[in-house]
Trainee: 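Dropping a structure here in structure tokens format, bear with me for questions.
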Amino acid sequence: MDRFRYQSFAQEVIFALGALAQLSEVVGRLGWRKILLCTSRSIHANGQVDALETILGGSLVVVFDQVQPHVQDFQVKEALTLTAENKAEAVIGMGGGSSIGMAKAIGFQAHLPIIAIPTTYAGSEMTPVYGITHTDENPPRKVTVNDPKIVPTLVIYDPRLTLDLPPKLTASTGINALAHCIEALYSKTRNPLSTTAAVEGVRHIHHALLRCYQDGHDLDARTEMLLGAHLAGLSLASVSMGLHHGLCHVLGGSAKIPHGIANSIILPHAIRFNAEATASQLLPAAEAMNILENGTNSKAVIEALARRIHELIGQMNLPQRLRDAGVDESDLPRLAQIAFQNRTVQNNPQSITDVMELEHLLRSAW
Ligand code: NAD
């Protein structure tokens with residue numbers, strides 16, 4: 001890597017067991033008196049909203065706890081109205097990537113600071129991007145918005161908040177984090193920071209994810225996995241993504257597949273598709289997963305990496321085929337067409353010149 005260019009972002013990041021309790025101190029220091037919370041029903045149901053209400057007291061003025069997956073445009077409108085009515089001065093997203101994405105959309109559109117409190121491993125808290133689903137199109141289409149002002153000002157990582165994350169979501173959002181690292185490693189805009197974060201992210205995720213899946217209350221594993229997810233998000237923040245993320249957005253927006261599940265199905269296929277062009281960048285990931293053996297050629301190592309990831313996904317009982325996620329075989333040509341127009345897909349390190357290449361990939365994933 002002898003030339004690079006990237007933008008870094010000013011964020012305050014607090015990572016600690018019990019870090020949630022530090023929120024009131026930071027909110028007081030930054031002078032936010034009226035805060036809107038975006039979250040989802042399951043986070044409310046497991047008591048985390050009550051905990052936040054206790055910590056923030058009167059400064060938490062509105063709770064929007066109906067966040068649906070993939071940031072629906074009509075929900076953003078509703079929450080923006082609440083923001084204006086209550087004169088909110090900051091917005092919190094607590095939950096998975098969808099709650100944080102909603103908070104980003106509101107903060108960006110209403111010019112408010114954004115606080116992210118992740119409870120999954122999706123990594124959105126570190127990035128200057130959100131996706132929003134336009135529901136007036138048929139099929140609905142997910143569009144990404146990219147701007148440095150979207151980066152959350154404050155990120156609170158508290159591993160305790162992940163203890164209730166069910167095994168399937170642990171597994172699928174953990175694979176999403178692994179995918180950030182993989183695509184950051186071979187990104188066209190990779191840089192020394194993204195590469196270092198991605199390799200360390202792979203190491204921690206590989207060491208911790210299966211343990212979190214097997215025992216959700218293993219606090220050491222949860223802490224290491226959240227660190228891996230943070231590094232994965234950090235690696236993602238300064239690079240552009242390729243085929244894998246582009247396809248997952250298409251499958252989320254147009255086939256309604258949950259983001260983590262789409263990641264689990266697509267990742268091994270994307271690695272194989274890109275093997276030729278990206279082998280040398282992916283070797284450190286293989287090394288971090290203890291796959292590298294002396295004397296093995298790089299193509300064989302990348303195939304072993306794809307197999308190992310596929311195996312890990314199988315060990316966590318995640319769907320591994322599009323047919324198991326509700327996609328009809330007859331949908332594949334239409335999905336390939338949508339993906340072929342997708343900017344992120346077209347930003348792949350190995351160029352994609354024929355829509356049939358995508359249809360072929362989707363068929364092997366079906
Ligand atoms: P999600 O936010 O849609 O959440 C999935 C489910 O998990 C929800 O029902 C939620 O209530 C539940 N949940 C979350 N945390 C929980 C916990 N601790 N305990 C119990 N239940 C919990 O899923 P996700 O995979 O975290 O995020 C996916 C979304 O984030 C997608 O829209 C994706 O495009 C976006 N994303 C964006 C970026 C970015 O950089 N902008 C990065 C990754 C993902």
Side-chain angles (χ1 to χ4, degrees), residues 9 20 38-49 51 64-73 75-76 93-105 107-108 114 116-133 140-147 150-152 155 157-181 183-184 212 216-217 222 225-226 229-230 232-241 244-254 256-264 318 344:
F9 307 102
L20 192 64
C38 293
T39 192
S40 53
R41 265 166 289 193
S42 46
I43 299 290
H44 208 156
N46 68 17
Q48 288 168 357
V49 173
F64 182 91
D65 66 355
Q66 306 292 316
V67 172
Q68 293 174 15
H70 298 304
V71 187
Q72 306 295 316
D73 53 0
Q75 287 212 309
V76 173
M94 178 162 78
S98 299
S99 294
I100 293 174
M102 269 283 284
K104 284 168 144 181
F108 182 57
I114 300 154
I117 309 176
T119 63
T120 73
Y121 304 123
S124 174
E125 64 279 0
M126 296 306 295
T127 73
V129 186
Y130 66 85
I132 181 162
T133 306
R141 194 167 55 99
K142 192 166 170 180
V143 175
T144 51
V145 185
N146 202 318
D147 192 292
I150 292 167
V151 171
V155 183
Y157 285 106
D158 187 342
R160 285 212 178 103
L161 300 179
T162 62
L163 293 176
D164 288 329
L165 189 61
K168 193 170 177 186
L169 279 164
T170 297
S172 62
T173 64
I175 293 298
N176 185 198
L178 185 60
H180 298 334
C181 300
E183 286 231 301
C212 291
H217 283 83
R222 286 293 195 187
M225 186 56 217
L226 198 57
H230 163 64
L234 182 63
S235 72
L236 177 69
S238 64
V239 298
S240 58
M241 297 279 103
H244 171 82
H245 278 79
L247 267 183
C248 290
H249 276 169
V250 170
L251 293 169
S254 304
K256 292 213 173 305
I257 301 184
H259 191 62
I261 301 295
N263 270 268
S264 308
L318 289 171
T344 312

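Each ligand, and each atom within it, is numbered from 1 in the order the structure gives. This one's a predicted model, so the numbers in the text were calculated from it and none came from an experiment.
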Trainee: Would you mind checking which non-hydrogen protein atom is closest to atom 9 (O) of ligand 1, with the distance to 0.1 Å?
Mentor: S42 OG, 3.8 Å
Trainee: Could you check whether the rings of H245 and H180 sit parallel, tilted or perpendicular, using 30° and 60° as the cut-offs?
Mentor: parallel
Trainee: Can the ring centroids of H259 and H249 be said to lie less than 6.0 angstrom from one another?
Mentor: yes
Trainee: Which residue supplies the protein heavy atom nearest to atom 6 (C) of ligand 1, what is that atom called, and how far is it?
Mentor: L169 CD1, 3.7 Å
Trainee: Check this for me - ligand 1, Y130, N or O atoms closer than 3.5 angstrom, yes or no?
Mentor: no
Trainee: Which part of K142 is near ligand 1, with near meaning a heavy atom under 4.0 Å away: side chain, backbone, both or neither?
Mentor: side chain
Trainee: Quick one: closest heavy-atom pair of V76 and I132, and the distance?
Mentor: CG2-CD1, 3.9 Å
Trainee: Donor-acceptor check, side chain of T133 to backbone of H70, threshold 3.5 angstrom: yes or no?
Mentor: yes
Trainee: Can you name the nearest heavy-atom pair linking I100 to P118, along with the distance?
Mentor: CD1-CA, 3.8 Å
Trainee: Which residue and atom name correspond to the protein heavy atom nearest atom 25 (O) of ligand 1, and how close is it?
Mentor: T173 CG2, 3.3 Å
Trainee: Roughly how far, to the nearest 0.5 Å, is CZ of F64 from OG of S40?
Mentor: 11.0 Å
Trainee: Could you find the nearest protein heavy atom to atom 17 (C) of ligand 1 and give me its residue, atom name and distance?
Mentor: L165 CD1, 3.6 Å
Trainee: Do me a favour and list the nearest non-hydrogen protein atom to atom 28 (C) of ligand 1 with residue, atom name and distance?
Mentor: H259 CB, 3.8 Å
Trainee: Which ligand 1 atoms are under 4.0 Å away from a heavy-atom of G96?
Mentor: 2 (O), 14 (C), 26 (O)
Trainee: Which heavy atom of V145 sits nearest to which heavy atom of F108, and what is that distance?
Mentor: CG1-CE2, 3.9 Å
Trainee: Hey, does the side chain of T170 reach the backbone of L165 with a donor-acceptor pair shorter than 3.5 angstrom?
Mentor: yes
Trainee: So which heavy atom on A262 is nearest to which on L251, and how close?
Mentor: CB-CB, 4.2 Å
Trainee: May I ask you to identify, for N46, whether its side chain, its backbone, both or neither come under 4.0 Å of ligand 1 on a heavy-atom basis?
Mentor: side chain
Trainee: Between D164, L161, I100, T170, which one has a non-hydrogen atom sitting closest to atom 18 (N) of ligand 1?
Mentor: L161
Trainee: Can any side-chain N or O of R222 pair as donor or acceptor with the backbone N or O of G216 at less than 3.5 Å?
Mentor: yes
Trainee: Regarding ligand 1, does V129 bring an N or O atom to under 3.5 Å of one of the ligand's N or O atoms?
Mentor: yes
Trainee: Which residue from G174, A45, S98 reaches closest to atom 1 (P) of ligand 1 through any of its heavy atoms?
Mentor: S98
Trainee: Please write down residue, atom name and distance for the protein heavy atom closest to atom 43 (C) of ligand 1.
Mentor: A122 O, 3.0 Å
Trainee: Which atom names give the shortest non-hydrogen contact between L318 and K168, and what distance separates them?
Mentor: CD2-O, 3.8 Å
Trainee: Can you sort out which atoms of ligand 1 are near P166, meaning under 4.0 Å from one of its heavy atoms?
Mentor: 20 (C), 21 (N)
Trainee: State whether the side chain of K104 and the backbone N or O of V129 hold a donor-acceptor pair below 3.5 Å, judged by distance alone.
Mentor: yes
Trainee: Any nitrogen or oxygen of H70, main chain or side chain, under 3.5 Å from a nitrogen or oxygen of ligand 1?
Mentor: yes
Trainee: Kindly give the heavy-atom pair with the smallest separation between A179 and N263, and that separation in Å.
Mentor: CB-OD1, 3.2 Å
Trainee: Measure H249 to ligand 1 on non-hydrogen atoms and call it side chain, backbone, both or neither using the 4.0 Å cut-off.
Mentor: side chain
Trainee: Among all protein heavy atoms in this structure, tell me which lies nearest to atom 15 (N) of ligand 1, with the distance rounded to 0.1 Å.
Mentor: T119 OG1, 2.6 Å
Trainee: Mark up the atoms of ligand 1 that fall under 4.0 Å of a heavy atom belonging to T127, in ascending order.
Mentor: 39 (C), 40 (O), 41 (N)
Trainee: Please state which option from T120, N176, N263 has its nearest heavy atom closest to atom 26 (O) of ligand 1.
Mentor: T120
Trainee: For atom 36 (N) of ligand 1, which candidate among S40, S99, S124, A179 provides the closest heavy atom?
Mentor: S124
Trainee: Can you tell which of G97, G93, G95 gets a heavy atom nearest to atom 30 (O) of ligand 1?
Mentor: G97
Trainee: For K104, take its heavy atoms, then give the atoms of ligand 1 lying under 4.0 Å from any of them.
Mentor: 41 (N)
